[in-house]
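Structure, as structure tokens:
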Amino acid sequence: MSEKELQDLVQQRKKKLQAIVDLGFEAYPRKYDVTHSVPQILRENSALAAEELAARKISVRVAGRVMTIRPHGKAGFAHLAGGGQRLQVYVRLDAVGERDFELYRLLDLGDLIGVEGYLFRTKTGELTVHAEHLQFLAKALLPLPEKWHGLTDVEVRYRQRYLDLMVNEEVRTVFERRGLLVCAIRDFLEAEGYLEVETPMMQPLAGGAMARPFVTHHNTLDINLFLRIAPELYLKRLIVGGLDRVYEINRNFRNEGISTQHNPEFTMLEFYQAYADYHDMMDLTERLLRRAAQAVLGSVEFDYCGQRISFAKFERLTMKEAIVKFWPATAAPGPALDDLAEPEAVFRWVAAYDEWAKQPESGAEPLPREEGKAPGMALAELFEAVAERHLIQPTFIVDYPLEVSPLSKQKPEDPNFVERFELYVAGMEIANAFSELNDPGEQRDRFEYQQFLREKGDLTAHAIDEDYVRALCYGMPPTGGEGIGIDRLTMLLTNSRSIRDVILFPLLRPEKHGG
RNA sequence: GGGCCGGUAGCUCAAUGGUAGAGCACUGCCCUUUUAAGGCAGGGGUUCUGGGUUCGAGUCCCAGCCGGCUCACCA
């Protein structure tokens, strides 16, 4: 069986490890004092010519993972991987001595070693460490994936991310960019006067969004708790408490489906600014995203899945305008803006859309029908079906229906709509923001409507949070708030098609062991 | 959850229903500036699992497991 075969390979390598120990090397030494990292050596010396390197004889001590081995009798080469880059090492018997050369001959791909020596350029011009001493640091008992094709099996890549990171260099870049992105966001918000805070991940009520939660249990208190679906209601409590600009970057958990755009746990930036409204948040978002792209890519333009995306300009459309603009060309004529003025009118257009969607060549599906569906809900569904995938360049969709926005403030001139926007890029929802509802009486009414939906069977409807209403009763300043999906933003900035490619350990079914 | 696709050596991939193969990796030997190093010789398989059809199954059928894409739900 393959188990047995693998055991043979492991046995071979264990024998070599013993041979290395027999040479007097420690099997698992404690540390190695490096003077340089691999990228540092490459960076500092890439401009130096062979003669200059020979004259200066720069000494280095560097460590890394052996990625290639090319022995040539009494000499040989290897490439050491470290810090995402590779540095060549030249080992010759007369330079390192018999013991270290014997170690070189016992090395397997994947082993970790330290090399002490001086820099030079080979005949072919490659910057190389001329080894004078080798140190064994750790053994790879299991063989590395193939050096040329790398590791392509996506399942193994996700389950054994360490292997993916070792052999697929671009994977490291993705997560380095993700780190840069988060760093740039923090810098930006700090400069805007925001305070970073942390609020509960385990909550007695899962509020702040419409989603089904995970449940867990605390033994000592003997209570069920929900993993949070959003930090929103806690962050706004902090606004009530006088922390006028707060943000949190942390995980949310939603017990929903898994797709290329959804992982059950995902990272959200949420930020709240007192005395601001949703227009301020739009302006802030534009500046934030430009800054982030600049920090990560050095540009506000980038390619994503064959499209050129630019953060230089952000479109703004109302939800109704988007429906009018992107009404399917092959369907019967769609609504003009005035045709959507009356709330109930939307049902006529849903019917018209369904008529089109029923035709197989439309490639679409009719919208879900329910008795007594609120017009605002139907409008939002129609928008998603008609417009969402066409929103490639950054577009703020503004003015959401009241019924799908239990925490947002109404528009003064039209109480059926709220001061809310979502930002779409590449057909993906990236951000969601609104002027926060701070009228406790109105908030209670909204919660009660949600409760009504819940009792009708909508498990994603918002639960009533009495303490949150109480907090509002102490007075919350007018506030703008926003959430930005960090994973999706990372997808954009790394040209990743799947959210799993920007999450180090995406959720998969547990691996079966031992059969 | 539905639909479609996939699972063969450690890795990347072949193999009309008729003896399971290649490259890399691995083992042994040669080689003191190579770089997908090279040369010679070798070892390695419950073809995801379980049933079925067949003289004969990696290949066809059924069920299951795992994954990918997609739709639904959502962000």
Side-chain angles (χ1 to χ4, degrees), chain A residues 1-13 15-16 50 67-79 86 88-96 101 108-110 120-126 128 130 140-159 163 167 208-212 229-230 252-270 363-368 381 384-385 388 422-424 428-432 458-460 483-489 491 497-500 506 508-512 515:
Chain A
M1 190 178 178
S2 64
E3 280 291 319
K4 183 176 165 291
E5 156 68 13
L6 194 56
Q7 280 313 306
D8 288 348
L9 291 169
V10 171
Q11 286 311 323
Q12 278 172 4
R13 290 182 176 221
K15 273 187 195 152
K16 285 195 190 178
M67 300 307 285
T68 65
I69 302 176
R70 291 179 298 280
H72 296 264
K74 295 185 181 60
F77 290 90
H79 270 110
R86 290 181 182 199
Q88 184 167 257
V89 176
Y90 179 52
V91 184
R92 43 190 294 170
L93 175 59
D94 53 16
V96 300
F101 195 73
D108 283 303
L109 296 185
F120 79 111
R121 277 188 197 282
T122 61
K123 272 185 191 167
T124 54
E126 181 166 349
T128 303
H130 198 297
L141 291 174
L142 290 166
L144 250 43
E146 205 223 20
K147 65 182 177 188
W148 188 241
H149 297 94
L151 182 66
T152 61
D153 183 324
V154 280
E155 185 175 350
V156 178
R157 287 187 46 223
Y158 296 152
R159 286 193 196 283
L163 279 182
V167 301
M210 317 255 263
R212 299 172 64 178
I229 56 174
N252 290 345
F253 306 86
R254 299 191 183 173
N255 210 339
E256 312 268 358
I258 296 175
S259 78
T260 47
Q261 289 177 42
H262 301 85
N263 195 62
E265 56 177 306
F266 63 101
T267 302
M268 186 86 129
L269 160 68
E270 284 204 14
E365 286 190 24
L367 295 166
E381 286 171 2
E384 283 177 21
E388 199 173 61
E422 291 194 356
L423 173 66
Y424 286 85
M428 281 193 291
E429 186 187 330
I430 298 296
N432 178 20
D458 182 353
L459 296 172
T460 69
I484 296 182
I486 296 298
D487 311 274
R488 289 183 180 176
L489 188 52
M491 287 169 70
R497 206 171 283 272
S498 168
I499 199 168
R500 291 181 207 96
L508 300 179
R509 270 202 174 74
E511 211 173 348
K512 276 195 309 182

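In the text below, chain A, chain B and the rest are named by the order of the sequence lines, each starting its count at 1.
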Decide if atom CZ of Arg70(A) counts as having more than 12 heavy atoms of other residues, nucleotides or ligands within a radius under 6.0 Å.
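Result for CZ/Arg70(A): enclosed.
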The side chain of [X] lies closest to which of these nucleotides: [options]?
X	options	value
Thr152(A)	rA72(B), rU34(B), rC13(B)	rC13(B)
Ile499(A)	rC26(B), rC11(B), rA75(B)	rA75(B)
His72(A)	rU32(B), rC11(B), rA75(B)	rU32(B)
Glu256(A)	rC73(B), rC26(B), rU34(B)	rC73(B)
Lys147(A)	rU32(B), rA25(B), rG23(B)	rA25(B)
Arg254(A)	rG67(B), rA75(B), rU33(B)	rA75(B)
Phe120(A)	rU33(B), rU12(B), rC26(B)	rU33(B)
Leu9(A)	rG67(B), rC26(B), rU12(B)	rC26(B)
His149(A)	rA72(B), rU12(B), rC26(B)	rU12(B)

Expressed as a whole number of Å, how far does the [atom1] atom of [N] sit from that of [M]?
N	M	atom1	result
rG23(B)	rA9(B)	C1'	12 Å
rA22(B)	rC29(B)	C1'	23 Å
rU53(B)	rG17(B)	C1'	11 Å
rA25(B)	rU12(B)	C1'	11 Å
rA63(B)	rU27(B)	P	45 Å
rU16(B)	rG43(B)	C1'	31 Å
rC71(B)	rG10(B)	P	36 Å

When all nucleic acid strands are considered with a 4.0 Å heavy-atom cut-off, which category describes [X]: base, sugar-phosphate, or nothing?
X	result
Met210(A)	sugar-phosphate
Leu144(A)	nothing
Gly150(A)	sugar-phosphate
Arg500(A)	sugar-phosphate
Asn263(A)	base
Gly485(A)	nothing
Thr68(A)	nothing
Gln261(A)	base
Asp94(A)	base
Lys16(A)	sugar-phosphate
Arg92(A)	base

Would you say the base of [N] and the side-chain of [X] have a donor-acceptor pair closer than 3.5 Å?
X	N	result
Gln88(A)	rU34(B)	yes
Thr122(A)	rU34(B)	yes
Glu155(A)	rG7(B)	no

Can you find a side chain N or O atom of Thr260(A) that sits less than 4.0 Å from OP1 or OP2 on rU70(B)?
yes
Please check the phosphate of rA37(B) (OP1 and OP2 only) for any side-chain N or O of Arg70(A) closer than 4.0 Å.
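Yes, within the criterion.
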Does the plane of the ring in Tyr90(A) sit parallel, tilted or perpendicular to the ring in Phe120(A)? Use 30° and 60° as the thresholds.
tilted
Could you tell me whether a side-chain N or O of Thr267(A) sits under 3.5 Å from a main-chain N or O of Ile486(A), the two making a donor and an acceptor?
no
Short question: side chain of Gln261(A), backbone of Ile499(A) - any donor-acceptor pair under 3.5 Å?
no
Listed partners of Glu388(A) passing side chain to side chain contact (heavy atoms under 4.5 Å, CB included), at least two apart:
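For Glu388(A) the side chain to side chain contact (heavy atoms under 4.5 Å, CB included) partners, ignoring immediate neighbours, are Glu384(A), Tyr424(A).
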rA36(B): pairing nucleotide in any strand, Watson-Crick or G-U under 3.5 angstrom
none
Residue matched to rC26(B) through Watson-Crick or wobble contacts both under 3.5 angstrom
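Paired with rG42(B).
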Expressed as a whole number of angstroms, how long is the span from Glu384(A):CD to rA72(B):C1'?
12 Å
Which comes earlier along RNA chain B counting from the 5' end, the contact point of Ala75(A) or that of Asp108(A), where each point is its nearest nucleotide?
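So the residue in question is Asp108(A).
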Let me know, please, whether Glu388(A) or Arg497(A) comes out on the 5' side of the other along RNA chain B by nearest nucleotide.
Arg497(A)
Is the aromatic ring of Trp148(A) within stacking range of rG23(B), meaning centres under 5.5 angstrom and planes under 30 degrees?
no
